[in-house]
Amino acid sequence: MSYPIPFNKPYLHGRELVYISSSVASGKISGDGVFTHKCHDFIKNRYNFNKVLLTTSCTDALEMAAILLNIQPGDEVIAPSYTFVSTVNAFVLRGARIIFADSYPDHPNIDPKQIAELITPRTRAIVVVHYAGVACDMDSIMLLAEKYDIPVVEDAAQAIDAFYKSRPLGSIGCLSTFSFHETKNIISGEGGLLVINDQQYAARAEIIREKGTNRSSFFRGEVDKYGWVDIGSSFLPSDIIAAYLYAQLEQLEEIQKRRLEIWHRYFQALTPVADKYGFKLPFIPDYATNNAHMFYLDCVSLHQRSQLIQHLDLAGIKAVFHYQSLHCSPYFQELHDGRLLPNADHFTDSVVRFPMYFDLSNDEVDFICEQVVICLSQNS
Ligand SMILES: *Cc1c(COP(=O)(O)O)cnc(C)c1O
């Protein structure tokens, strides 16, 4: 057992360092090199995505999505309040007004009934987040989106290898974004991916990613010189990042298998005491799969969560809380329209996440669960 037990630990699963060396040896380590193409092909084949582009982060992929959807000052974008800043900041950068929606009472995902009430003639996008890699109710969301002709962006940062009714997450909205940040299932330190499901955005996505130039079509020989044709930025990662990522993707099945074992070990150990101490285990609806991105408890109170975090900390275990509702954030609270979002606020106070990474051992999981039970029994 390692001590202390961190919340997350980046890990080499296979050929990461070999591929990084080979990328350097290839003589090209800037973007769109050999390993970027290998990653693109792997992800496209595995999930049947039509067009994908590696990006420097999921945040950048979201910024590209906001540009692609032509979000203008004053446009309204509906998104959950219980999420990471980047989900909405990307749209705020284009001048959008964020209309925050609440979560379900029993799951942090956005509640489609909430979305229906928030749509106005100014709504230009709906951004959904698959919390902990668990699918949102995409049929209800897409039905609304089609009825009002509003594009849906999936922030699938946590949702690699997760499915909604057998469809891979990231394949349903017109644009989707993934993260390979070191805290996600498949990592490259920093890194992300934009998935383009609606092909009307494909050509422009390449341009935006290449500083607003048509350099990608130039390299394919489609134009005889390249120049400035649109707005954009430098959203493509170095091939060194892609080399690391490709080694991880090759090990995806093994990584997922182990994460699921860890997740179920937590789940089995803590299920018998959940009712007694009043906390809830992660809920996974029938239409969703579990990609074991995160193991969390929904505590009965902020007090219970604080006691848990403190007790585990003293035992050498790093457990952490998660998002703070964005409608109450220092940046946004003055901009919010004042609607109460009690479920988002509930998860702000109640969610505690436990260590989750590939080489977390069974003994370590057992030790963490033991300490959780000791803390709860002492404080109940
Ligand atoms: C991690 C995460 C992001 C940001 O990903 P980066 O690759 O770090 O930019 C965005 N949204 C959600 C829901 C996330 O979990």
Side-chain angles (χ1 to χ4, degrees), residues 7-8 10 31 36 39 43 52-67 77-93 98 100-101 103 107-110 125-136 138 141 152-162 164 169-170 172-173 175-195 209 233-238 241-242 244-245 248-249 259 282 288 290-296 320-327 329 331-332 344 347-348 351 353 356-357:
F7 173 66
N8 180 58
T36 303
C39 291
I43 295 168
V52 301
L53 292 169
L54 283 192
T55 57
T56 28
S57 63
C58 179
T59 302
D60 279 348
L62 286 159
E63 286 178 24
M64 287 180 66
I67 297 173
V77 172
I78 298 172
S81 175
Y82 192 73
T83 185
F84 190 61
V85 181
S86 301
T87 309
V88 293
N89 188 60
F91 295 85
V92 169
L93 284 172
I98 307 301
F100 282 117
S103 305
H107 195 280
N109 277 349
I110 194 166
I126 299 168
V127 190
V128 301
V129 179
H130 306 297
Y131 185 79
V134 173
C136 294
M138 292 310 290
I141 292 164
V152 171
V153 177
E154 292 176 73
D155 178 347
Q158 307 171 9
I160 190 98
D161 215 46
Y164 171 80
L169 296 188
I172 303 167
L175 298 164
S176 304
T177 63
F178 287 90
S179 174
F180 305 115
H181 183 263
E182 70 169 5
T183 51
K184 306 302 202 265
N185 294 33
I186 302 295
I187 63 173
S188 61
E190 303 281 351
L193 181 82
L194 179 70
V195 181
R209 179 165 165 272
S233 191
S234 186
F235 289 125
L236 73 174
S238 150
I241 302 267
Y244 191 106
L245 181 64
Q248 292 258 316
L249 289 170
R259 289 185 77 104
N290 174 16
N291 75 343
H293 170 62
M294 187 193 298
F295 190 87
Y296 68 94
V320 294
F321 54 84
H322 209 187
Y323 304 129
Q324 308 290 294
S325 311
L326 293 176
H327 71 284
S329 61
Y331 175 73
F332 201 85
F347 291 112
T348 296
V351 167
R353 299 178 294 154
M356 170 60 88
Y357 46 86

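Counting starts at 1 for both ligands and their atoms, in listed order.
- The ligand atoms of ligand 1 that sit less than 4.0 angstrom from a heavy atom of Phe84 are 3 (C), 4 (C), 10 (C), 11 (N), 12 (C).
- The shortest N or O to N or O distance between Thr83 and ligand 1 is not under 3.5 Å.
- Polar contact with ligand 1: present for Cys58 (N/O pair, distance under 3.5 Å).
- Here the heavy atom of the protein found nearest to atom 2 (C) of ligand 1 is Lys184 NZ, 3.0 Å.
- The closest approach between any non-hydrogen atom of Gly191 and ligand 1 is below 4.0 Å.
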Chi angles and distances behind the ring pair (Phe, Tyr, Trp, His ring centres under 6.0 Å) call for Tyr131, His322: CA-CA 11 Å; Tyr131 185 79; His322 209 187; 5.5 Å; yes
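- Protein heavy atom nearest atom 11 (N) of ligand 1, with residue, atom name and distance: Asp155 OD2, 2.8 Å.
- Counting heavy atoms from C-beta on, the side chains of His130 and His293 never come closer than 4.5 Å.
- When the options Leu245, Leu236, Ile241 are evaluated for a side chain to side chain contact (heavy atoms under 4.5 Å, CB included) with Leu54, the one that passes is Leu245.
- Shown here are the side-chain hydrogen bond (donor to acceptor under 3.5 Å, both in side chains) partners of Ser57, two or more places apart in sequence or in another chain: there are none.
- Distances shorter than 4.0 angstrom occur between a heavy atom of Tyr323 and an atom of ligand 1.
- For atom 6 (P) of ligand 1, the choice among Ser188, Ser179, Ala156 with the nearest heavy atom turns out to be Ser179.
- Residue Thr59 has at least one N or O atom closer than 3.5 Å to an N or O atom of ligand 1.
- Tyr244 has its ring centre no less than 6.0 Å from the ring centre of Phe180.
- Here is the list of ligand 1 atoms found below 4.0 Å of a heavy atom in Val129: 13 (C).
- An N or O contact shorter than 3.5 Å is missing between Ser86 and ligand 1 by distance.
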Side chain to side chain contact (heavy atoms under 4.5 Å, CB included) assessment of Met294 paired with Met356: CA-CA 7 Å; Met294 187 193 298; Met356 170 60 88; 5.9 Å; no
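- Both the backbone and the side chain of Ser57 come within 4.0 Å of ligand 1, judged by heavy-atom distances.
- Scanning the protein heavy atoms around atom 15 (O) of ligand 1, the nearest turns out to be Gln158 NE2, 2.8 Å.
- Remark: side-chain polar atoms of Asn109 are paired, donor with acceptor, to backbone N or O of Val134 under 3.5 angstrom.
- Scanning all protein heavy atoms for the shortest distance to atom 12 (C) of ligand 1 gives Ala157 CB, 3.3 Å.
- Shown here for Arg353 and Phe321, the closest heavy-atom pair between the two residues is NH2-O, 3.1 Å.
- Annotation for Leu193 and Val195: closest pair CD2-CG2, 3.7 Å, computed over non-hydrogen atoms.
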